[in-house]
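Here's the structure, in structure tokens; my notes come after.
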Amino acid sequence: PIMLCDTDVLTTRVWSQILFNAVPEDFPSHTDQYDLTILLEPTTPWVDDIHRKVLPDPANPELRWDFFRRNEEALIQTNRKYMIVGGTYTERTETVIEIVHNYLANPKYAPLTKN
């Protein structure tokens, strides 16, 4: 009953805007509708990985917050339910587990969102 998805059309559109300052015209404009999107604040220490080396300075807090804000704006524009989760890795894990448990116990569970 639960599907976890790291990247979808919406996230890819945000990445395209950041990397190329545009989204190709033929790129899908629809976004999948999920029951909830969990948006993680960029408050944990930066962990280098090969995928983000396309950015000039991926560890830069300003760039990380810019990406976060762009994702939040995209969620608002597409009217998707979302919840922001921050804290340490342990706190994030505990919060997300609680969200999933609450949803499984009550599929109509609607967490508070900023939109």
Counting N and O atoms only, with roles assigned by atom type, does the side chain of Arg92 sit under 3.5 Å from a partner on the main chain of Gly87, one being a donor and the other an acceptor? yes
pair Ile38-Thr95: side-chain heavy atoms closer than 4.5 Å: no
So if you build clusters from Ile, Leu, Val, Met, Phe, Trp, Tyr with side-chain heavy-atom gaps below 4.5 Å, do Leu19 and Val14 land together? yes
Under the side chain to side chain contact (heavy atoms under 4.5 Å, CB included) rule, what do Glu62 and Asp57 come out as? Steps first, then yes or no, please. CA-CA 10 Å; Glu62 289 179 28; Asp57 181 12; over 6 Å; no
Please lay out, stage by stage, how Leu39 and Met83 fare under the test side chain to side chain contact (heavy atoms under 4.5 Å, CB included). CA-CA 6 Å; Leu39 182 60; Met83 184 173 201; over 6 Å; no
Donor-acceptor contact present, side-chain Glu73 to main-chain Arg70, <3.5 Å: no
Examine distances only and state if a side-chain atom of Ser16 and a backbone atom of Thr12 form a donor-acceptor pair shorter than 3.5 Å. no
Once rounded to the nearest 0.5 Å, what's the spacing between atom CG of Leu104 and atom CD1 of Ile99? 12.0 Å
Working to the nearest 0.5 Å, report the span between CD of Glu94 and OH of Tyr89. 15.0 Å
Look at Arg13 together with Asp8 and state whether they make a salt bridge at an N to O cut-off of under 4.0 Å. no
Find out whether Trp46 and Asn60 are in side-chain contact, i.e. whether some heavy atom of one side chain is under 4.5 Å from a heavy atom of the other. no
Using the rule that Ile, Leu, Val, Met, Phe, Trp and Tyr join whenever any side-chain heavy atoms are under 4.5 Å apart, tell me whether Val9 and Ile76 fall into a single cluster. no
Please answer: with hydrophobic residues joined when any side-chain heavy atoms are less than 4.5 Å apart, are Phe20 and Ile18 in the same cluster? yes
Measure the shortest side-chain to side-chain distance between Leu40 and Phe68 over non-hydrogen atoms and say whether it is less than 4.5 angstrom. no
Between CG on residue Leu75 and CZ on residue Arg80, distance to nearest 0.5 Å: 5.5 Å
Heavy-atom side-chain proximity of Thr43 to Arg64 below 4.5 angstrom: no
Are Asp35 and Lys81 side-chain neighbours, meaning at least one heavy-atom pair lies under 4.5 Å? no
Going only through I, L, V, M, F, W and Y residues with side-chain contacts under 4.5 Å, is there a path from Tyr103 to Ile97? no
Among the clusters formed by ILVMFWY side chains lying less than 4.5 Å apart, do Leu10 and Tyr34 turn up in the same one? no
For a 4.5 angstrom cut-off between non-hydrogen side-chain atoms, does Glu41 reach Val85? no
Under 6.0 Å between ring centres: does that hold for Phe67 and Trp15? yes
Can you tell me how far CD of Glu98 sits from NE2 of His101, rounded to the nearest 0.5 angstrom? 9.5 Å
Distance-only, no hydrogens or angles: does the Thr44 side chain make a donor-acceptor pair with backbone N or O of Thr88 under 3.5 Å? no
